[in-house]
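Report on the following structure.
As the structure lists them, so they are numbered: ligands from 1, and atoms in each ligand from 1. Keep in mind that the numbers below use all heavy atoms, side chains included, and drop hydrogens, waters and symmetry copies.
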Amino acid sequence: MPPKVVIVCSGKGGVGKSLITANIAYRLRDMGFKAGIVDCDPTNPSLPNLIGISGMHETTLERLKPVEFKGLKVVSMGLLAGGKPLCLDGLQITSFLNDLADYVDWDVDYLVADLSAGISDEYKAMVKTFADGLLGSVIVMQPAHKVEAERVIRLHLDNGIPIIGLIENMSYLKVGKGQWKIFGESSVDELAAKYNVEVLGKIPLSMDVRKAVELNSGYLEGEYAEPIIKAVNKILTLKPQKPGFLARVKAKAREFVEALLVEMITSINKEIDIKGLQSQFGYPGGRVIRLNVMSDDMERVVVQADFKIQDGKLLVVENPSRVDTVIEISTKAFAWAVLGDRVLADGSIYDLETAWYLGEARVFGTGDSIRAVHFFKNVWTQLRNNQKAIEKLRPLLERLA
Ligand SMILES: Nc1ncnc2c1ncn2[C@@H]1O[C@H](COP(=O)(O)OP(=O)(O)OP(=O)(O)O)[C@@H](O)[C@H]1O
Ligand SMILES: [Mg+2]
């Protein structure tokens, strides 16, 4: 069984993600579950320091062993590299995070992932790695950073990542019985109502929290732990999303690209003089071309469409008995190639042929392929130069680019 995964994230750094991550894991442990923490900030891993972990990872040939800390299993780049400064690039970060599922000996029921601020490569890698067990995310916010919190909430909603709830940390400064709104008005209730998500609670900025960090590995108690307990109680009721986040993102992307293709084919037939282009470029047509719009890593087909040029029209062919040319192009490259907004270092405009040269498109077939690519490059160029067509297509394409 893959671990059930809860992601803790925020739009801004330093708002208490690591503290809240640790506390969700502590509470799950207290309830008798096997719990772990994965620190997903490979370049600035601060969690081990915050809660005072001093061990280092042991690695065997096949496995990386989490460090055991207060009954939790913890993995952090900080426990691998020690205090060495880290300067990993995006590819290294992604491959480290991708390894976590296969290479780490987890054996936990729940894994709480402490993310670096914002939604970036780390986020995507985490979601991909633990897609099967993903329960959702706890978003940590702070009154001074409402805009960033709202952006993260919207990114979640747009990408189909379930939001377990919002915690406003450092909600106000608490000294004795006094409360001061030093970061401004609380905005968690307003955002929660606007986006229909749950408020798990507010934690004040307080010396009590500081003391918990210094004396007790950040373990929060009393009123400070209320939002955590609420989060954990909800987590226990959740089941991993089926068919999983990635599948839903795929489905979403597929629907979107399909709609775009329909719009493109309609526009081409309505606005473009295909016969004229055929004679200009000596393209006879009649052969079946398969267009595979691929994921950006070129590993997965997002949408497949077969068509041919016949009688001056672009026709979709259902279940063709043979395919003469296959054009595979990444979603991004597809959008760039139609939009023509990307200018290369030599001043030329990125198009279908450029995508092919750069390996962002692949072309293969039984002949006529180069001519087909050349022809379609010109169809797309005409499309983008046609005011009416591009007005409709641009908003769709810009979402993919
Ligand atoms: N409510 C609070 N009261 C007092 N101190 C707090 C509170 N919440 C967090 N802190 C302290 O603020 C600092 C930042 O918290 P933490 O490291 O959890 O934030 P983070 O969001 O994980 O930061 P980063 O983005 O750098 O990873 C820590 O020293 C932590 O002990
Ligand atoms: Mg942190």
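With waters left out, the protein N, O or S atoms under 2.8 Å from the Mg ion (ligand 2) add up to 1.
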### Query
Yes or no on salt bridge (Lys or Arg N to Asp or Glu O under 4.0 Å) for Arg322 and Asp324, after CA distance, side-chain angles and deciding distance?
CA-CA 7 Å; Arg322 61 171 278 168; Asp324 299 289; 2.4 Å; yes
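Applying the 6.0 Å contact sphere to CD1 of Ile370 captures no more than 12 heavy atoms from other residues, nucleotides or ligands.
Applying the side chain to side chain donor-acceptor pair (under 3.5 Å) test to every pair with at least one member in residues 161-176, sequence neighbours left out, gives these pairs: Glu168-Ser171, Glu168-Ser186, Lys174-Glu223, Lys174-Tyr224.
Contacts of Ala259 classified as side chain to side chain contact (heavy atoms under 4.5 Å, CB included), with partners at least two apart in sequence or in another chain: none.
Closer than 4.0 angstrom to ligand 1 sit non-hydrogen atoms from Gly13, Gly14, Val15, Gly16, Lys17, Ser18, Leu19, Ser46, Leu50, Asn169, Met170, Ile203, Pro204, Leu205, Ser206, Val209, Arg210, Val213.
The aromatic rings of Tyr219 and Tyr26 sit tilted, their planes meeting at an angle between 30° and 60°.
With salt bridges taken as basic N to acidic carboxylate O contacts below 4.0 Å, one links Arg290 and Asp306.
The minimum heavy-atom distance between Leu352 and Val373, with the atom names listed, is CD2-O, 3.8 Å. Taking both residues in full, the closest heavy atoms of Arg371 and Gly282 are given as NH1-O, 2.7 Å, listed atom of the first, atom of the second, then distance.
A donor and an acceptor atom, one from each side chain of Asp351 and Thr354, are located under 3.5 Å apart.
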